[in-house]
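Okay, so here's the structure we're looking at.
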Amino acid sequence: MAATETPSNVHADRVPLKVLVDKRKHKVLFAEAGKDFVDILLSFLTLPLGTIARLAAKESNIQPVKVGSLSSLYESVSHLEEEHLWTGMCKEMLLRPRSSMESYCQCLKINIDDTGSDPAMYFLCKELECCRKKSGSLLSIFSNQRCSCGELMNRAVTPENITLENGFVKETATFIICDDLSVLPNVLVTGVNLLQKLGIKDMDVIEEQTVDISKREVVDLLKLSLLSKNSLTDFIFKKKPCVGDLNPTNQSWLERGEESSDGSRRMVVRALVRKSNKTVLFAEAEEDFADLLFSFLTLPLGGVLHMLEGNSSLGCMDQLHKSISELSPDRYLRSQRLKEELVNPKCAPQFTISDQILPFSEVSLPVYYCNTFFDCHKYNLTLTTSTRPICYSYDKNVPLEILDPKSPIGDSRSGKGFAKGPSMFMVTDDLVVTPLSSISAVSYLNRRLQVPLSDLEERIIHVGVKEGLAILKASLTSTSALTILLEQFTRSI
Ligand SMILES: [Zn+2]
């Protein structure tokens, strides 16, 4: 396919994909692929939503695309002054969220997630004595964080015995991939059944093609998989996905109009609603609601799809996710444990907020110990998970505490979330989050929306788990996330 790579990518790997097309209708019937391509496709499920919004906004052969309200949410975080977040690192964490499964993706022939480090690297305090304390020595997942002693944590260490995993599917397995990105075992009967289902009677219309896919084209495919229900056809025949009618908002999985009655915490969101058409112009809320929205960017796609039980309406993603959950780990995936991780990935370590109302947890890092030993006239440090000193010249092992990059005082405990409080935030219908200012709110009404004051009313929405899920779902496909929320759960004052 296209040979318009940048010089640095000229020698980059390409991955072959064999497709069977209906040459008259310009439609892909199905594709056949091995481990390299299927692993790349599955890696989409490991991407945090923030990474997806960022990659979708990039140039590739397809123009930048917007993903529901996620793109505007992401964009608003990129414009947010750091003073509204707990630490300088918070913004970086939201704009470049890490994946909990990066060790599986780093060996892929094409890895579009560029946020991890290879090999995994951690950071210790610049001050040697601080790393050798009897207790309370810190380990950071980001460089140049401020240690509790005040020094920078810029001493890079790589854990001993860390292994990179070789992707997701078995090396010898081959697969059939449908136009909607369902991944099926490659057996003859599957192909024949598919052709029958597609109503192919005349074999003359069928043609075989092989394409070599570049990194840029993998980004194309990601964009199409978010927008189109026929991703492979749009990809191979370079059709423009028509965004408008491809994202129906399926609300059936939530009972409409019923407020959640669980005993959990609720956030209060005051929505300013246009009475005449029941649309939310914007809402004001405290930092807990801003944090909920920010946290969307850190959630891995596979976990979100799992939570929405096949009802995300996001392009082909539900089909991809469902087909993987039906694949046998004995013959096709590398292990049962890996399959479970892939269909419901957790957040990366340190990326969850402490008050997260959505059922999302993070992967915890192993307990690491710092070993120091004197060699070649200097101290060397190693990071190990073993409690046993490796040789007699080592110091006693010191268990390290993981620095919370969201902690304003540089420790392992005090971090809460991303949005600094107490403060008020303004959130538009497409989830643009900004610090609240009454004056800018009024001029927003005046200039951007031109709504007469008499047409405005305030509605209060109490956001608990159910409402949180509804906003998350709406954010994937709609630019009216708050209006959809209001339709589903409202209580007027
Ligand atoms: Zn220190």
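Small disclaimer: the values here were computed from a predicted structure and weren't measured. Counting from 1, the numbers follow the sequence of the chain as shown.
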Verify side chain to side chain contact (heavy atoms under 4.5 Å, CB included) between S412 and I402, making sure each step is shown before the conclusion. CA-CA 6 Å; S412 61; I402 313 290; 5.6 Å; no
For side chain to side chain contact (heavy atoms under 4.5 Å, CB included), just list the numbers for W86 and F418, CA-CA rounded to whole Å, side-chain angles, deciding distance to a tenth of an Å, and then say yes or no. CA-CA 6 Å; W86 279 115; F418 300 101; 5.9 Å; no
What do the steps show when you test V21 against F237 for side chain to side chain contact (heavy atoms under 4.5 Å, CB included), and what is the final call? CA-CA 10 Å; V21 303; F237 292 101; 3.8 Å; yes
V463/D288 under side chain to side chain contact (heavy atoms under 4.5 Å, CB included): CA gap, chis, key distance, verdict: CA-CA 10 Å; V463 175; D288 53 358; over 6 Å; no
Worked verdict on S228 versus N230 for side chain to side chain donor-acceptor pair (under 3.5 Å): CA-CA 5 Å; S228 165; N230 308 296; 4.8 Å; no
Decide yes or no on side chain to side chain donor-acceptor pair (under 3.5 Å) for S182 and K322, but give the supporting numbers first. CA-CA 8 Å; S182 297; K322 179 167 178 282; over 6 Å; no
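Looking at T46 and P300, their side chains never come closer than 4.5 Å, going by heavy atoms from C-beta outward. Side-chain atoms of L431 and S76, non-hydrogen and from C-beta on, never get closer than 4.5 Å to each other. In this structure, C105 and D113 have side chains that are not in contact, with every pair of non-hydrogen atoms separated by 4.5 Å or more.
Donor-acceptor pairing under 3.5 Å is lacking for the side chains of S140 and Q145. A side-chain N or O of S312 and one of D318 form a donor-acceptor pair less than 3.5 Å apart. Under 3.5 Å, the side chains of S440 and S437 contain a donor-acceptor pair of N or O atoms. When only modelled atom types and interatomic distance are considered, K66 and S72 share no side-chain donor-acceptor pair under 3.5 Å. Using a 3.5 Å distance cut-off with no hydrogens or angles, the side chains of S423 and E286 do not pair a donor with an acceptor. Of the N and O atoms on the side chains of N154 and S143, not one donor lies less than 3.5 Å from an acceptor on the other residue. Checked by atom type, the side-chain pair D179/T233 shows a donor-acceptor distance below 3.5 Å. Side-chain contact annotation: N61 with R216, donor-acceptor N/O pair under 3.5 Å present. Between the side chains of E171 and N166, at least one donor-acceptor pair of N or O atoms lies under 3.5 Å. Defined by atom type and a distance below 3.5 Å, a donor-acceptor pair is present between the side-chain atoms of S214 and E217. Side-chain contact, D430 with S69: no donor N or O sits under 3.5 Å from an acceptor N or O.
Residues meeting the side-chain contact (heavy atoms from CB on, under 4.5 Å) test with E59, sequence neighbours left out: P64.
Here the CG atom belonging to L222 is positioned 9.5 Å from the CD1 atom belonging to I62, to the nearest 0.5 angstrom.
With R54 as the fixed residue, the side-chain contact (heavy atoms from CB on, under 4.5 Å) test singles out one of L49, L70, T115: T115.
Salt bridge status for R24 with D204: absent, with no side-chain N to carboxylate O gap under 4.0 Å.
Residues F142 and F123 keep their aromatic ring centres 6.0 Å or farther apart. Between F175 and Y332, a ring centre-to-centre spacing shorter than 6.0 Å is recorded.
By the 6.0 Å and 45° rule, K346 does not stack over the aromatic ring of F360.
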